[in-house]
Amino acid sequence: MKLFIVESPTKARTIKKYLGKGFVVKATMGHVKDLPEKELGVDPETLEAKYVYRKGKKKLVDELKRLAQRSEEVYLGTDPDREGEAIAYFLREELKRKNPKIKRATFREVTESAIKKSVRSAGELDMNLVKAQFARRILDRLIGYLLSPVLWDAFKNPKLSAGRVQSPALRLLVERERQIEGFKKRKYYLVKAVLRTPSGEKLEAYYDYRYENPSDAKVVAEKLKEAFFSVKSVKLKKEKVAPPKPFITSTLQAEADAKLGLPPEKTQKLAQFLYEQGFITYPRTDSYRINPEAAKAFTEFIKKTYGEEFVGRLRRFKARATAQEAHEAVRPTAAKPSVPVEGPASKLYGLIFNRTVASLMKEAEVERQEVKLEAVSPSLKRPLELLAKGARMLFPGWMLAYPYELKQKPLPELEEGTLLELEEVKIEEREVKPPERYTEGTLVKTLEKLGIGRPSTYAQIVKTLKERGYVEKKGKYLVPTELAKKVVDYLSEHYPLLVDYGFTAEVEKKLDEVEEGRRDWKEVVREFKRKVMGE
DNA sequence: CAGTGAGCGAGCTTCCGCTTGACTT
């Protein structure tokens, strides 16, 4: 008997099917050891750390020890990323006395061929990855556990917290709120002419200037009322609109929030359910990759449903520098458009299905239309130029599968020199809008762009900010409290690097060097600790 | 003697990232 260990019980079930009788497949359900919760657990000078069993994991590790002892070989098939390598490391340390024949097996897709290959090519642990995880973990602990008490003292409030992820996230919310508070309402006025073409179609054109004063707009409007209008130029431009990328965790959460009104936490719960039922791939991912065999099945679906001319290609995308790419994109496991499930889970599945299909379809083709009109009148020294913009769908491509609204309507067909009949001159009052508050979805997307947080934690970040009394949700919008503003001001003044939006990216860069064996992990931790704490 | 206040000490609070099910509200 051989023992194969993974993180997710769902993966364990699938892999058991692929590997068959000779294997026992077990799941760790994440990390088994971690720094202790109730104490710092790290010597701030030597960086020696104390790792303890996580809640409930002692029993599990004992079980694994028992199984390891009875096994010919042990395969550590945890995720092929920094955290997964660390989990494998702690497992090896626990199990090696029971069975020294321990190998590291890695795969990026849960397919039979990938799993079998991982067994054949299993090898050594990558200690550089493990060291990078130590650095990440310990730096986060030092920052969080040294700075939070500073806030307790400064604010006489023992529930506050600070951290590498939550503090810049909070700063985003506070800065946006202040932009909104400081926003001065400004109105402006547009002069528009409603015209009729010789064939009787309506056309709206506007004078391209924002008047701050309605009386100025009125002067122009009066002149237009007695003007003659003709088409000066017609510019048509063909434009290709690329299909969207398939979903990763951050974009799924953002899109489900915007389109289905599901906050990230709810989306993750539903996605986890769909994953456990075998309907979708792993829901916590930062990779856009799609297994080529699976892509083929979706392509067949596109051919059958929309026709050959709608078939696009499997595109590859460069992931962000911070991405670990341990899994595929979030996609259906089969090219079936629905699933025997009701309610929001089925809606979410539909969104994932359509997005996956769309990502493999042909570009849409849109015609951008720009018509310039000339208004001539005795009261005008020079002719006035009016503008009309429109868009026309030439070929919908992927937009058939994943609805997308063109913001502009098509213009009537026009030729240079055509005379137009004036129907009405309007003055439209418009307002310059203040920036919009973040929703949970847009915050997640922003954090992901900055490389802050990971797929497994995006949904948790807002929850933490709420628990600390930093954020309240009003409708779908996130509103920082007065306390949050004070805390951000305090941190900005005393610990500017902590709330620097580029800080995590800087850390990641150095962690990459640790992963490549070019830098000592303790050096990295000490350097950042010094820089953050301001020593 | 009961009530009050100062002083002291113990215990609690806190990070990010990986994964579910067992537990309580």
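Quick caveat, the model's predicted, so the values are computed rather than measured. Just so it is clear: chains get the letters A, B, ... in the order the sequence lines come, proteins before strands, and each one is counted from 1.
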- Query: Side chain of A/Y145: nearest nucleotide among B/dT14, B/dT20, B/dG17?
  - Reply: B/dT14

- Task: Identify, between A/P9 and A/V165, the residue whose nearest nucleotide on DNA chain B lies closer to the 5' end.
- Result: A/V165

- Message: Tell me whether the side-chain N or O atoms of A/R141 pair up with the base of B/dC16 as donor and acceptor below 3.5 Å, since no angle test is needed here.
- Response: no

- Item | B/dC18 OP1/OP2 closer than 4.0 Å to side-chain N/O of A/R454 | yes

What's touching nucleotides 5-10 of chain B from the protein side, N or O pairs under 3.5 Å?
none

- Message: Base, sugar-phosphate or nothing for A/Q166? Non-hydrogen atoms, less than 4.0 Å.
- Response: sugar-phosphate

- Message: Does A/T457 reach a base, just sugar-phosphate, or nothing at all? Heavy atoms under 4.0 Å.
- Response: base

- Task: Quick one: label A/G56 by what it contacts on the DNA or RNA (base, sugar-phosphate, nothing), any heavy atom closer than 4.0 Å.
- Result: nothing

- Which atoms form the tightest heavy-atom contact between A/R104 and A/D79, and what is the distance? NH2-O, 2.9 Å

- Please check the phosphate of B/dT14 (OP1 and OP2 only) for any side-chain N or O of A/R468 closer than 4.0 Å. yes

- Using a cut-off of 4.0 Å on non-hydrogen atoms, how would the nucleic acid contact of A/T28 be classed: base, sugar-phosphate, or nothing? nothing

- Message: Run the side chain to side chain donor-acceptor pair (under 3.5 Å) test on A/S161 and A/Q166 for me, step by step, so that the C-alpha distance in whole Å, both residues' side-chain angles and the decisive distance to 0.1 Å come before the verdict.
- Response: CA-CA 8 Å; A/S161 63; A/Q166 62 170 277; 2.7 Å; yes

- Task: Verify the distance criterion only: is there a donor paired with an acceptor across the side chains of A/Y349 and A/Q277 at less than 3.5 Å?
- Result: no

- Base, sugar-phosphate, or nothing: which does A/Y275 touch, judged by heavy atoms less than 4.0 Å apart? sugar-phosphate

- Query: With a 3.5 Å cut-off and no angle check, do the side chains of A/T442 and A/T439 form a donor-acceptor pair?
  - Reply: yes

- Does A/S148 place a side-chain N or O at less than 4.0 Å from the phosphate oxygens OP1/OP2 of B/dT13? no

- Message: Heavy atoms only, 4.0 Å cut-off, all strands: where does A/S8 land among base, sugar-phosphate and nothing?
- Response: sugar-phosphate

- Message: For a quick check of understanding: with a heavy-atom distance under 4.0 Å over all strands, which category does A/L160 fall into, base, sugar-phosphate or nothing?
- Response: sugar-phosphate

- Message: Whether A/R136 contacts B/dC18 is assessed here as follows: a side-chain N or O lying under 4.0 Å from the phosphate OP1 or OP2. Is that the case?
- Response: no

- Message: For a quick check under 3.5 Å, do A/E93 and A/Y51 share a side-chain donor-acceptor pair by atom type?
- Response: no

- Looking only at heavy atoms, what is the nearest atom pair of A/N99 and A/A68, with distance? ND2-O, 3.0 Å

- Query: With sugar-phosphate meaning primed atoms plus P, OP1 and OP2, does A/G30 contact a base, only sugar-phosphate, or nothing at under 4.0 Å between heavy atoms?
  - Reply: base

- Note on the structure: Closest to the 5' end of DNA chain B, once A/Q272 and A/K38 are matched to their nearest nucleotides, is A/K38

- Note on the structure: Taking B/dT20, B/dC18, B/dT14 as options, the one with an atom nearest any side-chain atom of A/S161 is B/dT14

- Note on the structure: Per atom distances to the A/E276 side chain, the nearest of B/dG21, B/dT14, B/dC18 is B/dG21

- Output the distance between atom OH (A/Y490) and atom CG (A/L147), rounded to the nearest 0.5 Å. 9.0 Å

- Query: Checking all strands, does A/A27 fall into the base, sugar-phosphate, or nothing category for heavy-atom contacts under 4.0 angstrom?
  - Reply: nothing

- Nearest heavy-atom neighbours spanning A/V330 and A/T356: O-OG1, 4.0 Å

